[in-house]
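One structure below.
Both backbone and side-chain heavy atoms feed into the values below; hydrogens, waters and symmetry mates do not. Please read all numbers here as calculations on a predicted model, not as lab measurements.
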Amino acid sequence: MTTSSDSSELIHRSTSTRNPISGRKQQSPSSTSPLKHTTNRITNILLYRVPFLLIGIAIASIFFLAFPLTDSPDSLDSLYYPTESSTLPTRRILLEESTSTTTTKNNGRVPGGVRGKRKRIVVTGGAGFVGSHLVDRLIERGDSVIVLDNMFTGRKDNLLHHLGNPNFELIRHDVVEPILLEVDQIYHLACPASPVHYKYNPTNVMGTLNMLGLAKRIGARFLLTSTSEVYGDPLQHPQAETYWGHVNPIGVRSCYDEGKRTAETLAMDYHRGAGIEVRIARIFNTYGPRMCLDDGRVVSNFVAQALRKEPLTVYGDGKQTRSFQYVSDLVEGLMRLMEGEHIGPFNLGNPGEFTMLELAQVVQETIDPNAKIEFRPNTEDDPHKRKPDISKAKELLGWQPNVSLREGLPRMVADFRQRLFGDSKGSGNSGVSTE
């Protein structure tokens with residue numbers, strides 16, 4: 001049994017120990033003064049850590065003195081307090097290498113061939129008939145061009161001469177699927193344009209919607225290639241841009257006609273609602289080298305049939321009219337529209353009007369005077385008249401077609417002959433030329 005004296009001894013031992021060296025008694029850690037402990041800790045920090053902190057500050061000061069963030073104190077003010085002149089533009093220009101110090105102006109209009117800042121441009125449907133000729137002109141001007149094409153009606157052969165050019169890229173892509181690119185301008189040509197193709201693969205608006213979305217995202221200018229088919233079977237002749245058209249919304253051609261009308265609506269909605277810079281071209285019948293041989297369009301049909309010694313098929317009584325522009329004239333109009341300051345829509349076509357019988361006779365004169373003409377029943381919803389009023393394009397774009405049918409048709413014939421028979425005779429003046 002523990003006595004009270006034993007308990008006192010235990011308590012004394014727990015609170016006091018003797019230093020084995022000096023023999024002096026030491027208080028246990030629990031009995032150390034809190035104030036003294038804190039003072040010791042602060043002393044350690046001051047002795048061992050502050051010098052390292054001061055050394056770090058000195059090194060950082062030397063670094064920033066040797067490598068300043070800016071060359072001028074004013075630039076810091078513009079960084080944190082941007083003025084009107086220092087704010088970033090909404091459009092993102094990737095390639096701005098100046099190719100000319102002066103720009104030629106024509107009453108405030110900028111012609112399509114004028115050289116200025118190099119642009120990065122995407123052309124949807126750029127492997128097709130019109131698109132490939134447009135690519136030629138843009139590359140010739142010095143721009144960097146990206147072609148998107150799913151090759152449904154386009155041909156890689158149309159662009160072979162650009163492969164290897166560092167300013168040219170070809171991407172096999174269907175624009176009904178989204179894509180993200182950094183460009184300054186979008187020429188949206190992707191759409192089957194002939195009855196043979198658009199009836200097989202009906203036009204939809206998803207491609208236009210995706211390209212408008214891209215234009216909105218990157219701040220690019222957007223040009224839509226619409227068509228004279230938005231006028232349908234017109235009750236107004238010739239057709240001006242103010243005419244709203246006469247279209248059968250459920251006919252066999254409506255997938256194309258109404259698809260283009262909807263595309264125009266989307267373009268204007270994006271312009272008004274999102275501030276996108278849009279341009280709208282309504283293209284009338286166009287012909288020239290690189291057209292599809294058997295696409296159902298009247299000029300290519302007549303030329304291919306005459307070269308193959310087949311009868312020229314005329315639908316109906318042959319009195320329905322069309323106007324035909326050469327592809328180089330159209331490309332010039334598209335470029336003027338894109339570079340100009342007017343939205344449109346603009347009619348781009350040749351006001352020279354021909355009946356189908358007259359066109360057949362011109363083909364006969366050019367290829368084979370003995371070619372026969374064969375009449376067939378007319379197709380449904382075939383327009384009876386088609387002729388553009390191009391007053392607006394003349395006034396605001398300074399544009400009008402220059403190549404007549406009798407001048408342009410031989411160039412197309414030489415290209416078709418070479419592709420059909422491998423005969424290069426005469427093709428040197430037309431194969432890939434857009435003059």
Side-chain angles (χ1 to χ4, degrees), residues 103-114 130 133-134 137 185-189 191 193 208 212 215 221-247 256-272 275-287 321-354 383 385-405 408:
T103 301
T104 302
K105 294 186 178 181
N106 180 19
N107 296 328
R109 296 183 294 267
V110 182
V114 170
V130 174
H133 285 289
L134 174 62
R137 284 290 306 277
Q185 296 178 347
I186 300 172
Y187 284 88
H188 183 43
L189 281 69
C191 179
T208 301
L212 283 168
R221 181 175 289 185
F222 177 88
L223 186 147
L224 171 68
T225 53
S226 186
T227 173
S228 61
E229 295 299 320
V230 299
Y231 299 124
D233 190 5
L235 303 178
Q236 174 181 303
H237 191 76
Q239 296 80 55
E241 292 88 349
T242 53
Y243 178 53
W244 289 358
H246 180 231
V247 177
Y256 184 65
D257 304 352
E258 297 288 26
K260 288 294 190 180
R261 287 161 69 95
T262 303
E264 289 191 17
T265 300
L266 287 171
M268 292 307 300
D269 283 345
Y270 267 76
H271 169 66
R272 287 185 289 255
I276 303 304
E277 292 185 78
V278 302
R279 304 291 184 265
I280 300 175
R282 291 176 178 168
I283 300 175
F284 284 68
N285 293 61
T286 307
Y287 69 97
T321 66
R322 297 291 185 273
S323 58
F324 304 100
Q325 69 177 332
Y326 191 66
V327 63
S328 64
D329 286 333
L330 172 60
V331 168
E332 177 67 21
L334 293 175
M335 294 176 67
R336 283 174 180 258
L337 175 56
M338 176 65 92
E339 301 299 330
E341 299 303 321
H342 302 282
I343 297 172
F346 284 93
N347 288 337
L348 297 181
N350 193 322
E353 190 176 12
F354 291 84
K385 291 182 180 293
R386 182 77 81 237
K387 177 181 178 179
D389 180 340
I390 62 170
S391 303
K392 185 176 178 181
K394 284 183 177 179
E395 178 184 355
L396 299 180
L397 301 180
W399 174 88
Q400 64 181 359
N402 297 312
V403 181
S404 68
L405 180 62

Hey, what do you get for CZ (F354) to CZ (R322), rounding to the nearest 0.5 Å? 14.0 Å

Can you see which heavy atom on I280 is nearest to which on A267, and at what distance? CD1-CB, 4.3 Å

For the OG1 atom of T225 and the NE2 atom of H188, what is their distance to the nearest 0.5 Å? 6.5 Å

Do F324 and R386 have side chains that approach each other closer than 4.5 Å (heavy atoms only, starting at C-beta)? no

Measure the shortest side-chain to side-chain distance between Y231 and N347 over non-hydrogen atoms and say whether it is less than 4.5 angstrom. yes

Got a salt bridge between R336 and E332, using NZ or NE/NH1/NH2 to carboxylate O under 4.0 Å? yes

Got P351 and F284 here, is their nearest side-chain heavy-atom distance under 4.5 Å? no

E277 side, atom CD; I186 side, atom CD1 - distance, nearest 0.5 Å: 11.5 Å

Decide yes or no for L223 and Q185: does some side-chain heavy atom of the first lie under 4.5 Å from some side-chain heavy atom of the second? no

Which atoms form the tightest heavy-atom contact between P388 and G349, and what is the distance? CG-C, 3.8 Å

Report yes if the side chains of V230 and V247 come closer than 4.5 Å at any heavy-atom pair, otherwise no. no

Where do V331 and R137 come nearest, in terms of heavy atoms and distance? CG1-CG, 3.6 Å

Heavy-atom closest pair, residues A281 and L337: CB-CD2, 3.7 Å

Parallel, tilted or perpendicular: which describes the rings of Y326 and Y287, with under 30° parallel and over 60° perpendicular? perpendicular

Looking at CG of L134 and CE of M338, how far apart are the two atoms once the value is rounded to the nearest 0.5 Å? 8.5 Å

Counting N and O atoms only, with roles assigned by atom type, does the side chain of H246 sit under 3.5 Å from a partner on the main chain of D233, one being a donor and the other an acceptor? yes

Going by an N to O cut-off under 4.0 Å, is there a salt bridge joining E258 and R261? yes

One should read off an interatomic distance between Y243 OH and D389 CG, to the nearest 0.5 angstrom, of 13.5 Å

Gap between atom CD of E353 and atom OG of S323 - 0.5 Å precision: 7.5 Å

Short side-chain to backbone donor-acceptor contact, K385 and Q239, under 3.5 Å: no

Between K387 and T321, is any pair of side-chain heavy atoms under 4.5 Å apart? no

Could you walk me through whether S228 and R282 pass the side-chain contact (heavy atoms from CB on, under 4.5 Å) check? CA-CA 5 Å; S228 61; R282 291 176 178 168; 5.7 Å; no

Between I283 and the options L330, T227, L189, the side chain to side chain contact (heavy atoms under 4.5 Å, CB included) test singles out L330

For R279 and G340, indicate whether the former's side chain and the latter's backbone hold a donor-acceptor pair under 3.5 Å. yes

Looking only at heavy atoms, which two atoms of C191 and Y256 are closest? And how far apart? SG-CE1, 3.9 Å

Taking every heavy atom of L224 against every heavy atom of F222, the minimum-distance pair comes out as CB-CE2, 3.7 Å

Quick one, Y187 and M335 - any side-chain contact, counting heavy atoms below 4.5 Å? yes

Test: K260 and D257 ion pair at under 4.0 Å: no

Set out, in order, the CA-CA distance, both residues' side-chain angles and the distance that settles side-chain contact (heavy atoms from CB on, under 4.5 Å) for L348 and L334, then state yes or no. CA-CA 8 Å; L348 297 181; L334 293 175; 3.8 Å; yes

